[in-house]
Amino acid sequence: MRVFDDDRQEWVGHEQERQAVALHDRDAARQRTAWRGAVTVLAVCGLAFGTWALGWKDEPEPTAYLLAPQSSANSQDVSGDATEPAPTDGASPTAGGLPRGYETLTDVRGFRVALPIGWSRTSTAGQGGIGVVNYRNYGASQRLQVYEVSEPTPEASFRDFLDDTKVPKSPSFQKLSLESITEGQRLTYVTGRIEDEPDAGPWYVVDDRFQAADGKLYALVGYGSGATDRAQVRQLVSNARAWFCPPGSVCQDPG
């Protein structure tokens, strides 16, 4: 007996019909297996995505120091601005040990000193091994002078300096104070025009003369024009003194 196979569009006998049914059943089983596999894969993927999404959502956000721009302690100008606290007479160390807005440098004459960042340098020959070294800010409204003292003691040096017969002075010179400091003395005064400096007086001067680690006497002298905050000049000299190390010496960092 023959029957018409709709799928194959032909007449087939009984044996052929049996084979066709068997092939159809096998294909149907394979399709069911494939579908179950696909569903399983989709379920696993969905579970993994859900776990990842929930975990990502619970990740901590970046901390503030990774998000906010960081400012360098040495990037501030020594003059500061209206929001900064006023300078003090002493050093203002940061976490790294240096005062804010300062850097340390070893001069070509061999000594170490701390200075505001970006100052220029000049030097002249003078008595003593280092001569006279001058550092100035932009605009030359402030100066730090470094030199070796020739007198035997700081007291003797200032005694000669204050003697008008030995050191002539401007008529506007006015001594403000003379006080003892560690291993030396500090003289503060105001004066008129200073040679080689802008006519921006009256100049405020802080003059430290002291015995350093090598046993020699040095002077660190800070100058500030009439428009300069006097506290800045005192801070300039105090910071320079705190970090000063004479040539050929090994000095510990302050603090």
Side-chain angles (χ1 to χ4, degrees), residues 74 77-79 87 89-91 97-99 101-154 156-158 160-161 167 169-170 181-189 191 193-201 203-225 228 230 232-254:
N74 288 337
D77 186 81
V78 68
S79 60
D89 288 352
L98 278 172
Y102 279 70
E103 62 182 348
T104 57
L105 60 85
T106 300
D107 193 88
V108 294
R109 301 291 173 87
F111 61 85
R112 182 192 71 182
V113 71
L115 284 171
I117 296 170
W119 281 31
S120 61
R121 177 193 184 278
T122 59
S123 64
T124 59
Q127 192 171 15
I130 66 173
V132 179
V133 180
N134 291 289
Y135 303 97
R136 291 178 175 87
N137 69 337
Y138 181 78
S141 62
Q142 295 182 62
R143 171 171 64 147
L144 178 72
Q145 187 176 71
V146 186
Y147 62 90
E148 192 173 328
V149 175
S150 58
E151 292 81 9
T153 65
S157 182
F158 279 128
D160 289 350
F161 176 78
V167 181
K169 300 174 186 64
S170 164
I181 58 174
T182 304
E183 301 295 337
Q185 285 191 325
R186 167 176 287 187
L187 172 68
T188 59
Y189 61 91
T191 187
R193 181 170 175 79
I194 298 178
E195 186 178 358
D196 299 328
E197 297 300 328
D199 187 8
W203 289 86
Y204 175 71
V205 184
V206 177
D207 188 335
D208 279 12
R209 304 188 188 189
F210 57 94
Q211 184 179 50
D214 60 355
K216 297 180 180 181
L217 301 181
Y218 294 89
L220 294 172
V221 190
Y223 299 81
S225 68
T228 303
R230 292 183 177 184
Q232 288 184 323
V233 183
R234 295 193 297 270
Q235 183 187 45
L236 172 67
V237 177
S238 293
N239 288 338
R241 172 72 193 282
W243 288 84
F244 182 79
C245 187
S249 301
V250 177
C251 306
Q252 293 184 346
D253 292 348

Any [X] side-chain heavy atom under 4.5 Å of [Y] side chain:
X: Arg234; Y: Tyr204; result: yes
X: Phe111; Y: Cys245; result: no
X: Trp119; Y: Gln142; result: yes
X: Val205; Y: Val221; result: yes
X: Phe244; Y: Asp208; result: no
X: Arg112; Y: Cys251; result: yes
X: Gln185; Y: Arg209; result: no
X: Asp253; Y: Thr104; result: no

Quick check against the 3.5 Å criterion: does Glu148 have a side-chain atom that pairs as donor or acceptor with the backbone of Gly129? yes
Derivation and outcome, side-chain contact (heavy atoms from CB on, under 4.5 Å), residues Asp107 and Arg121: CA-CA 9 Å; Asp107 193 88; Arg121 177 193 184 278; 2.5 Å; yes
Among Pro99, Pro254, Pro116, which one satisfies side chain to side chain contact (heavy atoms under 4.5 Å, CB included) with Asn239? Pro99
Can you measure from [atom1] ([X]) to [atom2] ([Y]) and round to the nearest 0.5 angstrom?
X: Ile117; Y: Leu105; atom1: CD1; atom2: CG; value: 11.0 Å
X: Thr191; Y: Tyr223; atom1: OG1; atom2: OH; value: 9.5 Å
X: Gln145; Y: Thr122; atom1: CD; atom2: OG1; value: 9.0 Å
X: Leu220; Y: Phe210; atom1: CG; atom2: CZ; value: 4.0 Å

Looking at every non-hydrogen atom in both residues, tell me the closest pair between [X] and [Y] and how far apart they are.
X: Val149; Y: Ser157; answer: CG1-OG, 3.5 Å
X: Asp214; Y: Pro247; answer: OD2-O, 4.4 Å
X: Val237; Y: Gly222; answer: CG2-N, 3.4 Å
X: Ser141; Y: Trp203; answer: O-CZ3, 3.6 Å
X: Arg109; Y: Val132; answer: NH1-N, 4.4 Å
X: Tyr102; Y: Leu236; answer: OH-CA, 3.4 Å

Do other residues, nucleotides or ligands put more than 12 heavy atoms under 6.0 Å from Lys169 NZ? yes
Will you find, in the side chains of Thr182 and Arg241, an N or O donor that is under 3.5 Å from an N or O acceptor? no
If we count only N and O atoms by modelled type, under 3.5 Å, do the side chains of Arg186 and Ser238 hold a donor and an acceptor together?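 Present: a donor and an acceptor within the cut-off.
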